[in-house]
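Quick caveat: nothing in here was measured; it's all calculated off a predicted structure.
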Amino acid sequence: MNSTQLSSKDRKILISSLIGEYQYLCHDDPDDDDMTPAQHYSLLNTYSDEELIADSDLFDSAFTSIEDYYDFYSSYIPEEYQVN
């Protein structure tokens with residue numbers, strides 16, 4: 001994977017993963033100003049590939065791939081944002 005250009009599928013997986021991670025972080029202690037999954041999805045779609053990668057901190061994490069990152073947060077990803 002090139003660190004600045006994602007395939008269409010990897011981009012979808014990464015956006016879904018970031019939504020799942022955000023839901024994971026918010027689910028125990030939600031705030032009134034937390035983004036909904038739809039709001040977060042809209043925001044993430046404006047990000048460049050480089051910004052998505054930076055936001056995920058994927059290369060500096062214990063995750064071995066985008067799929068590994070997705071799998072970890074998959075139970076927190078709302079059904080409409082899951083990637084098959």
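A search for side chain to side chain contact (heavy atoms under 4.5 Å, CB included) contacts involving Asp57 returns Asp60, not counting sequence neighbours. By the side chain to side chain contact (heavy atoms under 4.5 Å, CB included) test, Asp33 pairs with Asp31, sequence neighbours left out. In this view, Asn45 and Ile15, Tyr41 satisfy the side chain to side chain contact (heavy atoms under 4.5 Å, CB included) rule, not counting sequence neighbours. Scanning for side chain to side chain contact (heavy atoms under 4.5 Å, CB included) contacts around Ala38 gives Thr36, Tyr81, with sequence neighbours left out. Looking at residues two or more places apart in sequence or on another chain, you find a side-chain hydrogen bond (donor to acceptor under 3.5 Å, both in side chains) between Ser48 and Glu51.
Rounding to the nearest 0.5 Å gives a distance of 8.0 Å between CD of Gln23 and CG of Asp34. Here the CG-CG distance, from Leu44 to Leu18, works out to 5.5 Å after rounding to the nearest 0.5 Å. Gln5 contributes atom CD, which lies 11.0 Å from atom CG of Asp10 (distance to the nearest 0.5 angstrom). The CG atom of Asp68 sits 8.0 Å away from the OG atom of Ser61 when rounded to the nearest 0.5 Å. Rounding to the nearest 0.5 Å gives a distance of 10.0 Å between CD of Glu50 and CG of Leu6.
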Run the side-chain donor-acceptor check on residues 69-78: report pairs under 3.5 Å with partners two or more places apart or on a different chain.
residue, atom, partner, partner atom, Å
Tyr69, OH, Glu21, OE1, 2.6
Tyr70, OH, Val83, N, 2.9
Tyr70, OH, Val83, O, 3.3
Ser74, OG, Asp71, O, 3.0

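Between the side chain of Ser16 and the backbone N or O of Ile13 there is no donor-acceptor pair closer than 3.5 Å.
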